[in-house]
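Read the numbers this way: they start at 1 and go in the same order the structure lists the ligands and their atoms.
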Amino acid sequence: MAAANRDAFWAPSSKVNPDLARERESATFDVRELTHIIDGSPDRTKRRKELENLLYSEPVFRDVGRLSMERDEIYEQGVLKSIKLFEWSRKYKWDDDDFELASRLANHDISMSLQHAMFIPAIERLASDTQKAKWLPRALHYEMIGTYAQTELGHGTNLMELETTATFDPERNEFIMNSPTVTSMKWWPGALGKSSNTAIVLAQLIVKGKNHGLHPFLVPLRSMEDHTPLPGISVGDIGPKMALNCIDNGFLIMKNVRIPRENMFMKNAEVTRDGRFISRGVDKANYATMVLVRVKITRWAFESLSDGATTAVRYSVVRRQSSLKPGERELQVLDYQSQQYKVLPALAASYAFLMTNRSLHRLYDSVHADIMAGNTKLLAELHCQSSALKAYMSEVVVQLLELCRQACGGHGYLASSGIGLLCASSAPLVTVEGENSVLYQQAARYLMKQVAKAVVGDPVASGFQYLLTQSSSDRPDIRIQNLADCGNLDTLLQVYQRMAFSVVTGAARKLQMAIESGVEQHVAWNNNMVSLIQAARFYALHGIAKEAGYFLATPTLTPDQFELVRAAELQAMAKVRHDAVPLVDAFDLHDICLHSALGCYDGNVYERLYALAQTSSLNKTQVHPAYYKHIRGLVKDGQKQLRQQSKL
Ligand SMILES: CCCCCCCC/C=C\CCCCCCCC(=O)SCCNC(=O)CCNC(=O)[C@H](O)C(C)(C)COP(=O)(O)OP(=O)(O)OC[C@H]1O[C@@H](n2cnc3c(N)ncnc32)[C@H](O)[C@@H]1OP(=O)(O)O
Ligand SMILES: Cc1cc2nc3c(=O)[nH]c(=O)nc-3n(C[C@H](O)[C@H](O)[C@H](O)COP(=O)(O)OP(=O)(O)OC[C@H]3O[C@@H](n4cnc5c(N)ncnc54)[C@H](O)[C@@H]3O)c2cc1C
């Protein structure tokens, strides 16, 4: 199919698959109204449509030929998309919401995503006012193209052990940046390989031989004239990844790279001209950028999951396969209860994750404002919530997207289904910005502190009041006597709080007993790590069914009550099944954004699969060159041997 036809390919057609059309006719709610709620308001829907028109009128955002691109082309397309967004952002003076929305409409498929995801936010959060005045205009006008270079080849999680050094030279009033070992080279930072000319480098600050811990430094990487690496800088791409290949994640080795003393970010600490180290505020304030990205990741979790749910639901009503009774018409596969069990949790979780991200973002905005005003009282609770939710939501997204792929049968394994790329693009969310098991432990650590407070009757943080209500002797019994009770959200919340109370206090008790038995704290922690991680995880009816053990092994639900919950879950699935298509339509994902032959709005799945097959590079010629080079010889030899055999 010529590029022009491919380009027209994703425009929705007037001929809609009849099964899909019928599902839409029977919606029990106003889809447009729900879209406004999902977007945040009618104005935000209007704004999204404006940005869709702007982006999708540009060929580069229509991703024509995306399925058969080589890495260099993917990278260059990602650079072009980045520059388009940067130019529009500067021209139309986009705010953060507009930029984030435009980035989402481009599926975050932009090479220099870190400019707005981390580089600019880090300057805003970690630089002094003088430094912000100097650096922000250069970053916002894209003279400085930057990355956030923290992870090294040898260390990602354990920041305390990062090896890059920044040694103060009082003679020349400079810092000397070094990568002292092979494992100290920066490794992974996005856009570091080929795009960035500047990096925020996290390094151990050495002043007069003393290590003052991890601090951020602004390090020029490449000439602003011709983009060649500056003296002492060795930088490049770390190679192809499972996905996100438009991003040039890179390596950086620094050999005696000198930067002015003023290039140390000085909001939270500074080195004076005469070499004195001064620390300001909490030393964890330098971790602020990571907390922000963890909150962003809960938004990306919603976006990935709503993409996957849209494709899987639409395909599951278009796809007819097998019949319950011989001779009857083949069933829409979404009418199989097993299919509902694969697909509908992703739909339910999409809505739950949208609301959870909004709530976490509100907490973040409020605590960030406090921190900027010097009040860090809620930083620890924000760190706990952002760590736990980033870990949990990214874990669930990866699991449910794989189920969405499996629900689409063989076609789900085609690149043209879009789901494989979605699984691979979302896979790193369990690793980036803090590997999940490590972040769960951060949350568990905070939980253990809250338990310790609850036990002695001290006030506990606002998000953990259940530790007090569920521990009181007059706590009400769980009222689940019938199916209707299972639909009562307050009752379900009580079930979760009851289970959480048991699991969290259970973990605390195990930890305490181990320590009292004389085991050292860090050994006890490691020996109870799984319980501590569970103490930090959780979601509604399906969550209870899926995690049965924790609800039955603790004084939370009786077996009869659990059976009622299971029945209620299946009943709820049947209800959701009826509105599954309108519920995914409400995400209002443009076909170009969804980029899926199985999930397209008109449901013309088979025509699109076949049309996209024509774009396979293997179909450029009827007979592939490999025939002439290899297969022909094999066939001719076979024929010769058969002739000889027949003469015997
Ligand atoms: C529609 C399609 C969508 C597709 C979706 C795809 C989109 C794709 C787009 C793009 C690609 C993705 C790109 C994303 C970008 C990625 C970027 C990076 O990855 S940047 C590197 C991240 N690296 C980490 O996060 C290191 C993790 N490690 C750590 O944070 C620390 O080492 C930690 C927390 C594990 C240990 O911290 P300690 O070494 O300082 O030690 P301790 O003792 O644990 O903490 C001391 C105290 O500090 C507090 N603390 C620790 N971290 C804190 C924080 N962040 N904020 C506040 N307090 C904190 C703790 O609670 C503790 O407090 P008390 O002592 O208990 O009171
Ligand atoms: C797509 C992508 C983009 C990235 N972008 C950036 C970027 O822009 N900037 C940047 O600085 N970094 C970036 N990173 C790096 C990322 O932050 C690290 O990969 C992450 O922090 C994990 O560190 P690590 O890879 O060194 O794994 P390690 O820390 O070595 O952990 C390896 C495994 O060991 C286990 N483990 C480690 N520590 C513990 C513990 N304390 N308790 C229990 N288990 C443990 C876990 O199972 C973990 O998966 C990116 C990574 C990816 C994949």
Side-chain angles (χ1 to χ4, degrees), residues 103-114 117-119 122 146-162 183 186-192 196 199-202 213-214 238 241-247 249-250 252 282-294 296-297 299-308 367 371 376 378-384 386-387 390 394 397 401 418 421-446 448-449 522 525-526 529-530 532-533 589 593-595:
S103 177
R104 187 273 179 276
L105 295 177
N107 279 317
H108 303 290
D109 207 25
I110 56 176
S111 307
M112 303 185 265
S113 52
L114 255 75
M118 296 196 85
F119 187 66
T147 181
Y148 180 88
Q150 175 177 288
T151 302
E152 293 173 357
L153 194 53
H155 290 89
T157 292
N158 192 1
L159 301 186
M160 293 294 110
E161 293 305 313
L162 290 176
T183 49
K186 293 301 179 183
W187 184 274
W188 270 114
L192 172 61
S196 297
I200 294 171
V201 174
L202 279 292
L214 208 60
I238 62 173
K241 305 175 286 287
M242 276 171 66
L244 302 178
N245 277 306
C246 73
I247 301 177
N249 299 82
L252 165 64
V282 287
D283 62 342
K284 294 307 169 193
N286 272 342
Y287 285 1
T289 314
M290 290 189 280
V291 177
L292 170 67
V293 177
R294 287 168 193 156
K296 283 180 188 252
I297 288 174
R299 172 71 196 184
W300 297 342
F302 157 69
E303 291 170 357
S304 301
L305 203 49
S306 53
D307 275 19
V367 175
I371 292 168
T376 56
L378 287 174
L379 177 58
E381 178 166 357
L382 173 64
H383 172 48
C384 172
S386 56
S387 296
K390 178 275 182 189
S394 58
V397 161
L401 280 180
L421 184 63
L422 201 52
C423 290
S425 304
S426 307
L429 297 181
V430 300
T431 307
V432 299
E433 217 53 68
E435 199 279 329
N436 281 2
S437 35
V438 171
L439 294 185
Y440 275 131
Q441 291 174 65
Q442 286 294 307
R445 177 178 177 145
Y446 186 77
M448 294 302 108
K449 289 186 176 152
H522 63 279
W525 184 269
N526 193 41
M529 198 177 278
V530 173
L532 288 162
I533 285 178
L589 294 163
C593 186
L594 196 59
H595 226 80

Decide whether the shortest distance between a heavy atom of [X] and an atom of ligand 1 is less than 4.0 Å.
X    : answer
K449 : yes
G156 : yes
R104 : yes
S304 : yes

Going by the atom numbers of ligand 1, which of them fall below 4.0 Å from some non-hydrogen atom of [X]?
X    : result
Q150 : 21 (C), 22 (C), 23 (N), 24 (C), 26 (C)
V432 : 16 (C), 19 (O)
V291 : 55 (N), 56 (N)
T157 : 26 (C), 27 (C), 28 (N), 29 (C), 31 (C), 32 (O)
V438 : 35 (C)
T151 : 21 (C)
S425 : 6 (C)

Would you say [X] and [Y] make side-chain contact, with heavy atoms under 4.5 Å?
X    : Y    : value
V432 : I297 : yes
I110 : S103 : yes
Y446 : H383 : no
M112 : F119 : no
M118 : E433 : yes
H595 : D109 : no
M160 : H155 : no

Keeping the roles fixed (side chain from [X], backbone from [Y]), state whether a donor-acceptor pair exists under 3.5 Å.
X    : Y    : result
S387 : A443 : no
K390 : V293 : no
N107 : C593 : yes
S111 : C246 : yes

Heavy-atom nearest option to [atom], drawn from [options]:
atom                    : options                : answer
atom 59 (C) of ligand 1 : H383, M160, H595, E381 : H383
atom 10 (C) of ligand 1 : D109, I247, L214       : I247
atom 63 (O) of ligand 1 : R445, H108, E161       : R445
atom 30 (O) of ligand 1 : R294, E433, E303       : R294

Ligand 1 versus [X], non-hydrogen atoms closer than 4.0 Å: side chain, backbone, both, neither?
X    : value
E435 : neither
L439 : neither
L159 : both

Considering residues at least two apart in sequence or located in another chain, which fulfil the salt bridge (Lys or Arg N to Asp or Glu O under 4.0 Å) criterion with R104?
D307
Residues in salt bridge (Lys or Arg N to Asp or Glu O under 4.0 Å) contact with E381, at least two apart in sequence or another chain:
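With neighbours one apart ignored, the set is empty.
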Polar proximity ligand 1 side, [X] side, N/O cut 3.5 Å exclusive:
X    : answer
Q442 : yes
Y287 : yes
M118 : no

Residues 147-161 vs salt bridge (Lys or Arg N to Asp or Glu O under 4.0 Å), sequence neighbours excluded, gives E152-K186
I'd like the contact residues of ligand 2, where contact means a heavy atom below 4.0 Å.
L114, Y148, Q150, T151, H155, G156, T157, W188, P189, G190, N249, P428, T431, V432, E433, E435, S437, V438, Q441, M529
Test side-chain contact (heavy atoms from CB on, under 4.5 Å) on L214 and L162; report intermediate values, then the result.
CA-CA 8 Å; L214 208 60; L162 290 176; 3.8 Å; yes
Please assess L252 against T147 for the test side-chain contact (heavy atoms from CB on, under 4.5 Å), listing each intermediate value before the final yes or no.
CA-CA 11 Å; L252 165 64; T147 181; over 6 Å; no
